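Structure first, commentary second.
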Amino acid sequence: MRAGVTDVTFVTSNPGKFREARAVLRPYGVELAWRRRSLPEPQADSLAEVARAKIDGVRGLAGYVLVEDSGLFIPSLNGFPGVYSAHFLTTWGFGPVLELLRHRDRRAYFRTVAALGRNDRRWTFVGEVRGTIAPRPRGRNGFGYDPIFVPEGWERTFAEAPAEAKNRISHRARALRKAGRFLAHPSRRTSRRG
Ligand code: IMP
């Protein structure tokens with residue numbers, strides 16, 4: 001390994017997630033490699049369970065392995081779509097959520113659980129960002145629910161903002177900066193066991 005550089009492999013089928021993670025982790029001396037692959041996701045009640053199952057599903061990679069699971073949670077819909085975010089978006093798109101929110105509280109948050117693994121050890125890191133659901137989709141950047149999510153204190157959606165702006169405050173960036181700090185300070189490695 002080169003001096004001062006930590007090699008980490010991010011296993012994800014989502015190129016948007018990889019681009020964001022690479023930019024967020026670079027300042028921590030992390031050289032992020034990409035293994036483009038979807039991992040088995042169990043039916044589970046929490047992102048943490050899914051993230052742990054994903055990391056347990058990774059085989060044959062040396063060094064640190066990174067996976068993550070994210071979701072959009074809308075409290076006025078009892079947390080929906082939450083852990084079902086991916087399935088719901090693929091099946092239905094934005095329409096039903098926008099319709100359901102016409103007469104409900106539009107507050108929402110994104111959450112990411114990132115998991116790092118090395119040999120048989122695991123560490124997890126959580127990040128969240130609060131905001132509201134826009135009345136209709138706006139913007140072309142990002143991916144997933146970005147066109148309908150307006151972060152707190154913003155007027156534009158994540159999809160209307162440049163990648164750097166999303167990376168300053170996003171759920172994923174917040175989880176990954178915790179992972180980055182952990183990777184940059186080997187002495188703390190035993191204190192963040194997940
Ligand atoms: P998963 O972590 O890939 O299972 O993501 C769950 C769902 O949330 C997918 O539909 C993703 O596209 C979406 N999603 C995850 N992260 C983000 C994000 O940063 N912005 C918008 N949508 C996201």
Side-chain angles (χ1 to χ4, degrees), residues 10-25 32 34-58 65-75 77 79-98 101 106-117 124-134 136-152 154 156-179:
F10 188 11
V11 184
T12 177
S13 59
N14 183 328
K17 285 186 180 181
F18 174 71
R19 273 193 293 274
E20 290 180 11
R22 185 177 47 187
V24 169
L25 289 173
L32 196 66
W34 182 18
R35 178 63 61 95
R36 188 172 191 163
R37 197 181 128 199
S38 18
L39 292 162
E41 285 191 34
Q43 194 83 43
D45 292 337
S46 74
L47 299 178
E49 265 180 79
V50 177
R52 285 199 204 97
K54 281 185 180 177
I55 205 144
D56 288 341
V58 176
V65 173
L66 172 69
V67 300
E68 63 100 283
D69 200 56
S70 301
L72 176 69
F73 295 78
I74 303 175
L77 303 181
F80 194 77
V83 288
Y84 307 107
S85 294
H87 182 64
F88 188 79
L89 187 59
T90 317
T91 313
W92 295 100
F94 301 134
V97 164
L98 298 182
L101 290 184
R106 311 189 73 86
R107 277 175 291 189
Y109 62 93
F110 274 119
R111 168 182 271 241
T112 289
V113 178
L116 278 174
T124 54
F125 307 89
V126 180
E128 282 186 6
V129 60
R130 292 180 185 282
T132 52
I133 301 299
R136 72 199 99 72
R138 299 194 315 256
R140 294 175 162 273
N141 300 333
F143 60 92
Y145 293 92
D146 281 344
I148 61 165
F149 187 81
V150 180
E152 221 167 57
W154 288 30
R156 54 190 181 176
T157 64
F158 264 155
E160 292 177 298
E164 307 79 63
K166 180 181 176 190
N167 265 348
R168 274 198 289 277
I169 61 160
S170 84
H171 46 308
R172 176 166 304 100
R174 286 175 169 157
L176 291 177
R177 277 197 283 269
K178 291 180 188 170

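Being a predicted model, the structure only gives us computed values, none of them experimental. As the structure lists them, so they are numbered: ligands from 1, and atoms in each ligand from 1.
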Inset, instruction - Give the numbers and elements of all ligand 1 atoms closer than 4.0 Å to a heavy atom of Glu68. - result: 2 (O)

Legend entry - Pairwise distance CG(Asn14) to CH2(Trp34) - rounded to 0.5 angstrom: 8.0 Å

Legend entry - Test item: Leu32 and Leu66 side chains (from C-beta on) under 4.5 Å apart, heavy atoms: yes

Inset, instruction - Around atom 22 (N) of ligand 1, find the nearest protein heavy atom and jot down its residue, atom name and distance. - result: Tyr145 N, 2.9 Å

Legend entry - More than 12 heavy atoms from other groups under 6.0 Å of CZ on Arg106: yes

Inset, instruction - Keeping the roles fixed (side chain from Asn141, backbone from Ala161), state whether a donor-acceptor pair exists under 3.5 Å. - result: yes

Inset, instruction - Decide yes or no for Ile133 and Tyr145: does some side-chain heavy atom of the first lie under 4.5 Å from some side-chain heavy atom of the second? - result: no

Inset, instruction - Describe, in one word, how the ring planes of Phe110 and Phe158 are oriented to each other, choosing from parallel (under 30°), tilted (30 to 60°) and perpendicular (over 60°). - result: parallel

Inset, instruction - Distance to 0.1 Å, residue and atom name: give those for the protein heavy atom nearest to atom 6 (C) of ligand 1. - result: Ser70 O, 3.2 Å

Legend entry - Under-4.0 Å salt bridge between Arg138 and Glu160: yes

Legend entry - Sub-3.5 Å N/O-N/O distance, Lys166 and ligand 1: yes

Legend entry - Distance in Å, Leu77 CG paired with Leu72 CG, rounded so as to fall on 0.5 Å steps: 9.5 Å

Inset, instruction - Distance to 0.1 Å, residue and atom name: give those for the protein heavy atom nearest to atom 16 (N) of ligand 1. - result: Arg172 NH2, 2.7 Å

Legend entry - For His171, atoms of ligand 1 separated by under 4.0 Å from a heavy atom: 16 (N), 17 (C), 18 (C), 19 (O)

Inset, instruction - Report the part of Asp146 (side chain from C-beta onward, or backbone N, CA, C, O) that has a heavy atom under 4.0 Å from ligand 1; answer both or neither where that applies. - result: both

Inset, instruction - Answer with yes or no whether the side chains of Ser70 and Arg172 bring together a donor and an acceptor at under 3.5 Å. - result: yes

Inset, instruction - Could you find the nearest protein heavy atom to atom 1 (P) of ligand 1 and give me its residue, atom name and distance? - result: Lys17 NZ, 3.3 Å

Legend entry - N or O pair under 3.5 Å between Lys54 and ligand 1: no

Legend entry - Backbone or side-chain N or O of Glu20 under 3.5 Å from ligand 1 N or O: no

Legend entry - Nearest-neighbour protein heavy atom for atom 4 (O) of ligand 1, which is reported as residue plus atom name and distance: Asp69 OD1, 3.2 Å

Inset, instruction - Identify the protein heavy atom lying closest to atom 12 (O) of ligand 1, giving its residue, its atom name and the separation to 0.1 Å. - result: Gly144 CA, 3.4 Å

Legend entry - Protein contact to atom 17 (C) of ligand 1 [nearest heavy atom, distance to 0.1 Å]: Phe143 CE1, 3.4 Å

Legend entry - Ligand-side contact atoms (ligand 1) for residue partner Leu89, heavy atom cut-off under 4.0 Å: 10 (O)

Legend entry - Nearest protein heavy atom with distance in Å, relative to atom 10 (O) of ligand 1: Ala86 CA, 3.3 Å

Legend entry - Atom pair NZ/CD of Lys54 and Glu68 - distance to nearest 0.5 Å: 6.0 Å

